[in-house]
Structure formats: structure tokens, C-alpha cells
Amino acid sequence: MEHEVFVPVPAERLREALADPARVARAVPGLQQDAGAEPVAGRLKVRVGSHSVTYRGSVRITGQDDGSYAIEGDATETRGTGVVKLALTLSLREADGGATVRFEGTASADGRVTELPPDAVASATGRLLSRFAENLGTLGAADEVGPLDEPPPGKAPEEPQAPEPPAPVEPPAPIDLPPAAFEAEVPPSALPEDFPGDDAPPAEAAHARRTMIGRSAEEVDHAPPRGRYAPVPAPQTIAPNPVLRWAAPAAAVALASAIVVTRALRRRR
């Protein structure tokens, strides 16, 4: 297996990142570190085509005398018995505007990954190595940019200068008006003397004030509307009183009886 990736970061910065296991663990894409384990150990989900396989394992990176790095790792499927082992050599080469990261070595696997197409497995492996190199370059570039407020060695920090006071603002010059402007007579008003002034309320307001006199604030707020907006009362149905239904016939019978008795008494006399 051979794979190359260009990273726009100097090779020296990449070497500093590879020497720190914590930064190497951050560069592995999708790695979920186990608490209390080695820096580069945990769970990693690898997507191969439309399938995904989750492994749990560890990776070790060791520097060599020739400037390269030996990468050894092994992992086991979390939901199976498949095992993956790899032995890679990582080398760095200076390039225009950055460095080239080269991976070469071998890997063996069994389990679910052997049931997937070889092209998909090779593509997933190359994508994983490319993202690892790019993340490593991002971490190296972040270390290259130092704090902006740190002065260079051998130079004392400059003291902040006090802001200059604002220039005084001159007051505007007074405007001289001719004395005739103050001595002019005011013409009399053309309105009649009994014309209501601005203090007199209009007729509608006076009527509303007289209407609300003697009423509480709650009654005024909840008073029903009047005029064209007043609600139309519902028609009331008056049922006839059953007593009145028999009162008229009874009175007629009593009147007729009185007439008959009166005539009978007259005949006897």
C-alpha cells in the first residue's frame, strides 16, 4: 500500500506534531478516545461504501534514525470477531509551499471488511490517511502562528500611549438682532372676546365629562357602547298569565248576575 498527501505546512512543523501523542490522537479522524487508556487508543468508525464498521484498538508511532516514522496498530471489531493489523512507514519530504507525506506498508484484516469490495476498502483507507495528514498539518500550522501580543525576544514591550485630549470646542458667536425687532407692536386679535380659548374643552369632551360625573372608574371602563354601536337587545317573549285568562270571563259572569238580580228586585217592588 502506497499513498501520498500534500500538506501546506513545513515538514518541521509536522515532525513536532508527530512527536506529541496527544496531537496525533486529535489528528485521527473520528477517533473516540477511551478514558485512562493510551493517547492513541479508542473507538474508530470506518465507512466503506454504504457500510460502516466500528473498531476498538490502538496505534503507536515511533521515530526512526533516517527521519521516517514507524506506525503500528491493531484493532478488533466491536460487534464481531474481525481483526485489523497494519504496519506503515511515514516519511516527510519538503515541497514547494509545504511538505509531502508518504505512507507505504502492509495491512491485514479479516471479518466483515473481507466481505466488502476491495476497491471500496482501498478508497476508504486512502481517504482515512489523507484526512489524518490534513489534520496533522492543521495542528502544525496552529503551532506555527504564535500569540500576536508576545514581543520578540530581547525587546521590551512598548507601553501604551495615553490618548490625546480632544480639542476644545469654541461656543457659537451670539447673533445681534436690531432693537426694532423687540419694539414692534403686536396687532390685536381678530377673534371675538367670548371665543373659547385653547383651555376650553370642546363640546364633545364637556358632554363626556358631564356624563361620567358621579360614576366610578370601573363603571366608565365597562359602560356599554351607545349610539350606532350599541348592542341590539334580544326580543323578550312574554307568556300570558293563566290567572288573567280566567279573570275576564269571571267578571262578565259577575256583571250579568248583578244585572239579573237588580231587575228581579225592581219587579217585586
Side-chain angles (χ1 to χ4, degrees), residues 1-49 52-76 83-109 113 118-155:
M1 179 178 60
E2 295 181 359
H3 188 72
E4 287 188 359
V5 183
F6 173 77
V7 180
V9 177
E12 186 64 27
R13 297 299 178 184
L14 296 178
R15 297 182 189 277
E16 295 177 0
L18 289 171
D20 186 1
R23 279 186 283 183
V24 172
R26 292 168 54 190
V28 177
L31 177 63
Q32 299 180 1
Q33 292 180 309
D34 295 336
E38 298 179 12
V40 193
R43 298 177 52 173
L44 178 64
K45 179 181 290 187
V46 181
R47 189 166 189 83
V48 182
S52 59
V53 185
T54 304
Y55 293 94
R56 181 186 296 275
S58 60
V59 177
R60 294 167 296 279
I61 299 180
T62 307
Q64 305 298 316
D65 296 338
D66 57 353
S68 61
Y69 296 87
I71 303 177
E72 298 178 354
D74 58 275
T76 306
V83 178
V84 175
K85 294 183 179 181
L86 57 89
L88 302 177
T89 300
L90 186 152
S91 58
L92 303 176
R93 186 176 68 254
E94 293 287 350
D96 294 340
T100 301
V101 183
R102 179 181 177 82
F103 300 91
E104 56 183 350
T106 59
S108 61
V113 71
D119 296 341
V121 175
S123 177
T125 304
R127 183 170 61 252
L128 182 64
L129 295 177
S130 298
R131 294 181 58 188
F132 169 74
E134 293 172 357
N135 294 342
L136 201 64
T138 302
L139 295 175
D143 294 341
E144 185 178 4
V145 180
L148 300 179
D149 57 350
E150 183 178 356
K155 183 178 180 180

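All values below were derived from every heavy atom in this structure, side-chain atoms included, with hydrogens, water molecules and symmetry-related copies excluded.
Using a 4.5 Å cut-off on side-chain heavy atoms (C-beta onward), E16 and L139 make no contact. V59 is not listed as a side-chain neighbour of F132, based on a closest heavy-atom distance of 4.5 Å or more. Counting heavy atoms from C-beta outward, L88 and L129 have side chains that approach closer than 4.5 Å.
With values rounded to the nearest 0.5 angstrom, I61 atom CD1 is found 10.5 Å from D20 atom CG. For the atom pair CG of L136 and CG of L18, the computed distance is 4.5 Å after rounding to the nearest 0.5 Å. Atom-to-atom distance recorded for L90:CG and R15:CZ is 9.5 Å, nearest 0.5 angstrom.
Taking D66 as the reference, Q64, S68 meet the side-chain contact (heavy atoms from CB on, under 4.5 Å) condition, with sequence neighbours excluded. With sequence neighbours excluded, the residues forming a side-chain contact (heavy atoms from CB on, under 4.5 Å) with A120 are V48, P117, listed by chain and number. Take T125 and apply the side-chain hydrogen bond (donor to acceptor under 3.5 Å, both in side chains) test, not counting sequence neighbours, and it matches no residue. Listed by chain and number, the residues in a side-chain contact (heavy atoms from CB on, under 4.5 Å) with V113 are Y55, A109, V121 (sequence neighbours excluded). Residues passing the side-chain contact (heavy atoms from CB on, under 4.5 Å) test with R127, sequence neighbours excluded: S123, A124, R131. By the salt bridge (Lys or Arg N to Asp or Glu O under 4.0 Å) test, R56 pairs with D34, sequence neighbours left out.
Residues P21 and A19 approach most closely at CD-O, 3.5 Å, considering heavy atoms. S130 and H3 get closest at one heavy-atom pair: OG-NE2, 2.7 Å.
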Got a list of side-chain donor-acceptor pairs under 3.5 Å for residues 96-108, not counting sequence neighbours?
unit_1, atom_1, unit_2, atom_2, d
R102, NH1, E4, OE2, 2.6
R102, NH2, E2, OE1, 3.3

Pairs under 3.5 angstrom only: tabulate donor-acceptor contacts from the side chains of residues 24-33 to other protein residues two or more places apart or in another chain.
unit_1, atom_1, unit_2, atom_2, d
Q33, NE2, P39, O, 2.4

